[in-house]
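Contents: one structure, followed by commentary.
Order of the sequence lines fixes the chain letters, A, B, ..., with proteins taken first and strands second; residue numbering starts at 1 for each chain. Treat the numbers as computed from the prediction; the structure is a model and nothing was measured.
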Amino acid sequence: MKKFVSLLLALVMVLALVACGGGSTTTEQPANTPSTSTDTPSTSTDTPAPAASTDTGAASGEGKVFNIYAWNEEFKGFFEKYYTVPDGVTVNWVIVPNTDGAYQKALDEALINQADAADDDKVDMFLAEADYIVKYTNSEATQDVKALGVTDFSQMYPYTVSTASDANGVVKGVSFQCCPAALIYRRSIAKDVLGTDDPDQVQAQLDSWEKYDAVAAQAKAKGYYMTASEAADFRVFSNNCTMPWVDANNKLQFSPEITAWMEQQENFAKNGYTVLSDVWKEDCTNQMFKDGKTMCFFGPAWYFNFCMTNAMDPDKGCYGDWAICEGPQSYFWGGTWLLAATGSDNPATLADVMKAFTVNEDICTKLVKEDAQFVNNKKVNEAIASDPNYGNDFLGGQNDTKFFCEHADNIKFENHTIYDQLCNEKLQEYYREYLKGSVDKDAAMQNFYKAIGENYPTIVLPQ
Amino acid sequence: MKKKGVSYAKWGYIFILPFFLAYLVFAFVPQVMTIYNSFFMNYREGLTQVGPKFIGFQNYVALFTPDANGTIDILKYAGNTMVLWLLGAVPQILIALLLAIFFTSYRLNIKGQQFFKTVIYMPNLIMASAFSMLFFTLFSNVGPVNQFIQAMGWSDVPIDFFARTVTVRGLISLMNFLMWFGNTTILLMAGIMGIDQSLFEAANIDGANSVQTFFKVTLPLLTPILVYTVITAMIGGLQMFDVPQVLTNGAGTPDRTSTTLVMFLNNYLGGSKNYGMAGAISVIIFIITGILSLIVYRSLTKKD
């Protein structure tokens, strides 16, 4: 009898659970809050110390918690330094690292559950990069910022606005950066290899890929590396692509620019012109120390502060021994867009934050002068570009804002897909194995296709 | 209807109930759901959910379809997993057995046993991912090991430990070995100490030497514990994930030769939340584990 009872109990449990389980697989709406459903987002609630004030336009009826999703601390730093949070609102940062698409995964989970989340748990604003912004602007998860009150786009660079717009031209967010990028070179090494460290003269010797390759050989002959990563100049090619990663039939394809990069790096690896390393890894960044042997790095304004801390190291670094020039081809890299999440319960704060970092000239000027950013405000940038007293000490006094101003208008944001981040990352990762000689080229490409297939089941892979 | 005597069986059932409930909720139901999910197309494309749609055995068919070069991925990863496990587990069990014998030998009578036992167990207390990060930093191209090698003049260029199958697999096995041999030693010691000491003394009086005592007395009587150790180690080994995942940054470099089955599964779960394919891989791991456990159990206990 007892056996029977316990068996019955057990069966009832199973039935109940299976029934619930079955339900959840069809609706696919786990009811957990965004912060618990992800890997390990570090959540921190801060009330930042105000540095500069903006108009605190928090209307009544605003939510108490302003949730911002980001993949690193960069914008958080600026936000806490320059933005005064309206009274009664606390800012909650959910920061998930970008690697292997972890940030997108966490963000997607939160956005999919947005409708069911409690007001204070709703995503209000999230940050997105050029590599995957298309996925969010072309979805219902983001909302029209013009309706929120962000209407002045006159001083923004056109590409930043079109990138944040959906297919119908509805603007879903703003960028606080503009990211024309440069070839960043070590002055002392350039002097040794090219006989000059003057940006114009260096540029004259590096203004085509043929010349660039020839200089790489010269650098090698003098015992230097041209680049510290085979992917250092990847963005110069990939952000000038003439074909998107997938065609109209969702078939994976290689833009001629990507193929050109692959060929160039085959040559670089064979001749030892470059260190073979991920751009974010120590092997690469250690080359920025004073005793580093690498002449060229590639990056936009954010690269200095964010990636070149080794070069700024007071003991081992080489602060001031750097300069920038256009290099073989004009390009852009990255950018951080602030997107407005649909369903935000803090619309006024949301609009206010967006305006503060794009329209507020006071904040924008400080971002340039104190944080070496290139902001998304033409008027501020141009004022600094024409200021004869302004110079970036890290670049030996060169006026980098002037350089970036000259190149910002040329940026085009074209041929992007929702698959870009992993396509770019995985290609670099698996192609590096080939460049290192661990596998043959065919195997490297097969492994790349496999990685894409695992992440994007709908992409048709070449055989 | 009144029964004679008092039955306490009721309490027995009540006492074991929590385990069965926990098992049902946290193990049995997920397992059934996994099998159920493996027959569905169910993944996410960007912010769009695709499926779930019943597709029968298509996920399994896809898993066993050879690629352009004729390799069937899942078999390759199953092979990787076995190699990685064997490289770590064989020395692990042999060394653990040896240590267990030393520690329990009344003739050696090692002093400070508690200390040694604690120390050899220590590596297991470190989180596997932290341990992997440590090894990654140690053996990276700019890490201390390479600095030492270059300083000693053994090599002019840094040795790229993560670009060679042998070294990557070697490092993974070494880490697994370091993490688990202490645990195995303690298990086996418990097993040996459970054997009646008078048997060893009798063997000794009969003139058996240490080797004979080991093979004729210790090993046969230790078999149940040894089988348990091998099978649990194997189940753990087949589910190997954290060490290679962190050490190779999820890529299983080079040429995916250190990609284990669970890393393969994780690739599907990571970006696209592909519950269908991930479910199918889980089911296959489950079947492989079952078969291998049966084989090990049979081959180690058959002799009687």
Side-chain angles (χ1 to χ4, degrees), chain A residues 2-3 5-6 9-10 13-14 17-18 20-22 24-26 28 99-102 104-105 108-109 111-112 132 134-136 138-141 275-278 281-283 286 418-419 422 426 429-430 432-433 436-439 442-444 446-447 449-451 454-458 462-463, chain B residues 7 9-10 12-14 16-17 20-21 24-25 28-30 32-33 36-37 40-52 62 67-69 71 73 137 140-143 158 160 162-165 249-257 264 266-268 270-277:
Chain A
K2 307 235 159 73
K3 262 188 200 164
V5 169
S6 52
L9 269 170
M13 281 291 301
V14 177
L17 283 160
V18 169
C20 309
S24 76
T25 48
T26 48
E28 184 53 40
T99 326
D100 234 4
Q104 288 189 59
K105 202 166 88 181
D108 292 356
E109 199 63 43
L111 291 175
I112 284 173
Y132 48 82
V134 183
K135 173 169 147 191
Y136 299 105
N138 278 326
S139 84
E140 297 291 318
V275 178
L276 296 173
S277 155
D278 188 293
K281 288 274 157 67
E282 275 186 337
D283 297 32
N286 278 4
I418 62 170
Y419 312 113
L422 284 184
K426 298 288 175 194
E429 187 176 308
Y430 287 108
R432 184 178 315 121
E433 289 191 2
K436 282 185 173 179
S438 307
V439 294
D442 182 50
Q446 287 297 333
N447 286 337
Y449 299 151
K450 278 174 198 170
E454 285 160 3
N455 282 288
Y456 301 118
T458 49
Q463 277 305 313
Chain B
S7 167
K10 167 175 86 173
Y13 289 121
I14 289 173
I16 60 171
L17 191 63
F20 281 95
L21 286 181
L24 272 173
V25 177
F28 185 72
V29 173
V32 172
M33 290 312 302
Y36 174 80
N37 269 320
F40 284 80
M41 179 167 80
N42 179 0
Y43 59 83
R44 205 175 275 169
E45 164 104 347
L47 288 169
T48 324
Q49 172 66 30
V50 181
D67 68 6
N69 298 335
T71 31
D73 277 351
T137 317
S140 86
N141 284 351
V142 291
D160 200 338
F162 299 103
R164 291 185 176 84
T165 308
N249 205 3
T253 51
D255 196 19
R256 297 195 151 207
T257 50
F264 184 47
N266 185 59
N267 287 347
Y268 279 106
S272 56
K273 297 230 158 186
N274 198 332
Y275 292 118
M277 287 297 267

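Of the listed residues (A:Tyr456, A:Tyr419, A:Tyr449), the greatest number of heavy-atom pairs within a distance under 4.5 Å of chain B belongs to A:Tyr419. Between chain B and the residues A:Gln446, A:Lys450, A:Glu282, the most heavy-atom pairs under 4.5 angstrom are made by A:Lys450. Taking B:Ser140, B:Ala163, B:Gly250 one by one and counting their heavy-atom pairs under 4.5 Å with chain A, the maximum is reached by B:Ala163.
Here the shortest heavy-atom pairing between B:Ser272 and A:Asn455 reads CB-O, 3.0 Å. When all heavy atoms are compared, the tightest approach of A:Tyr132 to A:Gln104 is CD2-NE2, 3.4 Å. The minimum heavy-atom distance between B:Ala62 and B:Met277, with the atom names listed, is CB-CE, 4.1 Å.
Proximity to chain B is absent for every atom of A:Asp278, based on heavy atoms less than 4.5 angstrom apart. Contacts of B:Phe20 with chain A are absent, with no heavy-atom separation under 4.5 Å from either backbone or side chain. B:Asn274 touches chain A through its side chain: at least one heavy atom from C-beta onward sits under 4.5 Å away, while N, CA, C and O do not. Using a 4.5 Å cut-off between heavy atoms, B:Thr253 touches chain A through backbone and side chain atoms alike. Heavy atoms of A:Thr458 lying under 4.5 Å from chain B belong to its backbone as well as its side chain. For A:Ala444, no part sits under 4.5 Å from any heavy atom of chain B, backbone or side chain. Heavy-atom distances place no part of A:Lys426 under 4.5 Å from chain B, backbone and side chain included.
Every residue meeting the side chain to side chain contact (heavy atoms under 4.5 Å, CB included) condition with B:Asp255, not counting sequence neighbours, appears here in chain and number order: A:Glu433, A:Val439, A:Ala443, A:Asn447, B:Lys76, B:Thr257.
Here A:Lys436 pairs with B:Asp160 in a salt bridge; the nearest charged N to carboxylate O distance falls below 4.0 Å. A salt bridge is defined here as a Lys NZ or Arg NE, NH1 or NH2 lying under 4.0 Å from an Asp or Glu carboxylate O, and A:Asp108 with A:Lys135 meets this definition.
Using cut-offs of 30° and 60° on the angle between ring planes, the pair B:Phe40 and B:Tyr36 is tilted.
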